[in-house]
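Since this is a predicted model, take the numbers as computed values, not measurements. Computation of the quantities below employed the complete heavy-atom set of this structure, encompassing side-chain atoms and omitting hydrogens, waters and symmetry-equivalent molecules.
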Amino acid sequence: MFVISITMFFIAPLTAWKLHSRLRRDSIKNKKNIWTLVIYFITLNVVTFAVSSYRGIDMLKWNPFTTTLSYRIKYIVFSTGLGVVVACVSCWFLNKGITAPEVKRYFVRFFHDMRKYFPYAVRSAKADLKAEVTNSFLDWLWWLIEPVCMMLIYTVMFGVVFDAAELYFPIFIFIGITMWSFFTRGVTSSVEMVRANRGVVTRIYLPKYILLVSKLMVNAFKMLVSFAVIAVMLVIFRVRITGSVLGLLPILLVLFLFTFGVGSILMHYGVYVNDLSYITGILLTMMMYLTGTFYDIAKRIPAPFGPLLERGNPVAFLIAEMRKVVLYEGVLDWNLLLLWGVISVLLIGIGVFTIYRNENSYVKVI
């Protein structure tokens with residue numbers, strides 16, 4: 001047992017270190033490579049400890065020599081899987097010649113470009129909103145009619161046919177539809193964003209992700225209109241409003257950041273892969289039913305899969321948290337919300353960095 005207890009801390013770092021050495025073709029005896037092992041050892045064990053603590057294990061009282069065999073196996077599997085992912089990602093960055101000064105330069109450039117081109121994104125979003133209703137008889141009312149009709153259809157389908165028992169079910173399902181629509185519209189449009197704006201891209205220089213920011217502003221405005229309808233429904237259904245409703249602001253912020261992060265990555269690959277839009281559509285359809293848009297995923301899917309899907313799927317988690325703080329006076333899960341916020345920022349960094357490095361070749365491809 002003593003050997004197993006000690007080994008559980010070293011299996012993941014050694015695996016990641018060995019994989020890193022093979023991918024980089026470095027010598028194991030290299031002093032720099034030894035320091036890589038030390039970094040992997042510290043990083044993987046600290047992250048695994050943090051996850052264990054989040055899962056409810058008191059790490060201050062935890063004893064590795066008396067813990068259960070089941071926990072040791074979970075510890076080894078999680079840390080080793082994490083090590084493989086970290087080693088592959090880090091080696092990919094290193095093999096691409098990505099250096100710290102380059103990352104810093106693009107970081108500064110991103111904030112400079114956002115400040116410079118943000119007014120264009122705002123004007124473009126306003127123009128798109130006006131263009132949508134220019135030739136429409138009902139004008140801006142379609143922004144209300146569409147989500148309300150979808151809410152009525154799914155309320156009848158799931159509330160009557162499938163006998164859903166969630167409290168305030170019409171509002172419950174309207175929140176899910178509103179947030180899911182924002183995410184799926186942003187992701188779907190991002191794939192064809194560069195090709196759809198060929199006229200702009202080929203004539204003037206513009207950071208390509210600004211096009212996505214403009215589209216997300218359009219979708220965000222429509223989402224806020226839907227939330228205005230939700231506010232009216234809260235009054236009609238006499239839902240008790242407490243201070244917990246303020247949690248909707250950070251939830252919407254993380255939703256925006258996560259959609260921007262995923263969209264910026266897909267925007268790059270959408271330039272080179274013509275079929276990516278079809279693949280994305282299929283995956284989003286599958287994901288919709290694993291997100292709890294129409295039902296409480298944590299209750300409808302047997303444990304432990306339901307709660308795991310709710311926490312492991314960021315959109316499902318954000319929808320569940322929104323329902324909790326708006327309808328059921330629940331307390332926001334700040335720890336997991338912060339985690340998904342950090343992941344969203346990392347996705348944005350990867351997407352924007354990739355676009356900066358490759359945007360000069362977009363014109364040749366399209």
Side-chain angles (χ1 to χ4, degrees), residues 129 133 138-185 218-256 258-259 288-303 306-307 309-311 313-338 340-341:
L129 288 170
V133 298
L138 295 178
D139 206 38
W140 58 269
L141 286 176
W142 275 115
W143 300 335
L144 294 175
I145 295 173
E146 182 183 3
V148 169
C149 289
M150 294 299 294
M151 180 268 294
L152 292 175
I153 293 171
Y154 286 119
T155 297
V156 173
M157 180 61 67
F158 287 89
V160 178
V161 178
F162 293 100
D163 193 25
E166 283 77 9
L167 188 62
Y168 309 122
F169 186 68
I171 311 178
F172 176 94
I173 203 169
F174 198 26
I175 290 175
I177 292 173
T178 298
M179 297 181 67
W180 173 254
S181 295
F182 174 81
F183 173 74
T184 189
R185 285 173 179 171
V218 173
N219 296 336
F221 179 81
K222 294 178 181 178
M223 182 171 63
L224 291 178
V225 172
S226 295
F227 269 96
V229 177
I230 291 173
V232 175
M233 294 174 69
L234 292 175
V235 176
I236 295 174
F237 283 85
R238 298 181 181 180
V239 179
R240 186 170 178 265
I241 306 298
T242 64
S244 64
V245 74
L246 295 176
L248 66 85
L249 297 177
I251 293 173
L252 292 178
L253 175 62
V254 173
L255 178 64
F256 186 95
F258 182 75
T259 307
M288 179 178 67
Y289 293 102
L290 297 176
T291 301
T293 309
F294 317 116
Y295 56 91
D296 190 333
I297 191 171
K299 294 179 180 179
R300 294 285 178 169
I301 297 179
L309 278 173
E310 183 179 277
R311 290 176 168 271
N313 179 344
V315 183
F317 167 73
L318 294 173
I319 291 175
E321 291 297 298
M322 180 66 75
R323 289 164 172 166
K324 185 167 67 173
V325 299
V326 172
L327 295 178
Y328 307 128
E329 305 176 33
V331 178
L332 187 61
D333 188 344
W334 285 101
N335 292 330
L336 195 53
L337 183 67
L338 180 61
W340 281 119

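- With rounding to the nearest 0.5 Å, the separation of CZ in F258 from CZ in F317 is 12.0 Å.
- In terms of heavy atoms, I241 sits closest to V245 at CG2-CG1, 4.0 Å.
- To the nearest 0.5 Å, atom CG of residue D296 and atom CZ of residue F169 are 10.5 Å apart.
- Looking at T291 and L309, their side chains never come closer than 4.5 Å, going by heavy atoms from C-beta outward.
- Side-chain contact check for L327 versus I175: some heavy-atom pair is nearer than 4.5 Å.
- With respect to K324 and D333, no salt bridge is recorded, no charged nitrogen being found less than 4.0 Å from a carboxylate O.
- Rounding to the nearest 0.5 Å gives a distance of 10.5 Å between CH2 of W180 and CG of L255.
- Looking only at side-chain heavy atoms (C-beta outward), F237 and I171 come within less than 4.5 Å of each other.
- A heavy-atom distance below 4.5 Å is not found between the side chains of E321 and W340.
- Residues M179 and I251 have side chains in contact (heavy-atom distance under 4.5 Å, counting atoms from C-beta outward).
- Atom CG of residue N219 and atom OG1 of residue T184 lie 10.0 Å apart, to the nearest 0.5 angstrom.
- In this structure, F172 and Y328 have tilted ring planes: the angle between them lies in the 30° to 60° band.
- Remark: of the listed residues V326, V325, I319, I319 is the sole one forming a side-chain contact (heavy atoms from CB on, under 4.5 Å) with R323.
- Between M223 and L252, some side-chain heavy-atom pair lies under the 4.5 Å cut-off.
- Remark: F221 CZ to F182 CZ distance equals 13.5 Å, nearest 0.5 Å.
- Within the model, atoms CD1 of I236 and CD1 of I230 stand 12.5 Å from one another, a figure rounded to the nearest 0.5 Å.
- A donor atom on one side chain and an acceptor atom on the other are found under 3.5 Å apart for S244 and T242.
- Taking the side chain as every heavy atom from C-beta outward, L234 and Y168 never approach each other to under 4.5 Å.
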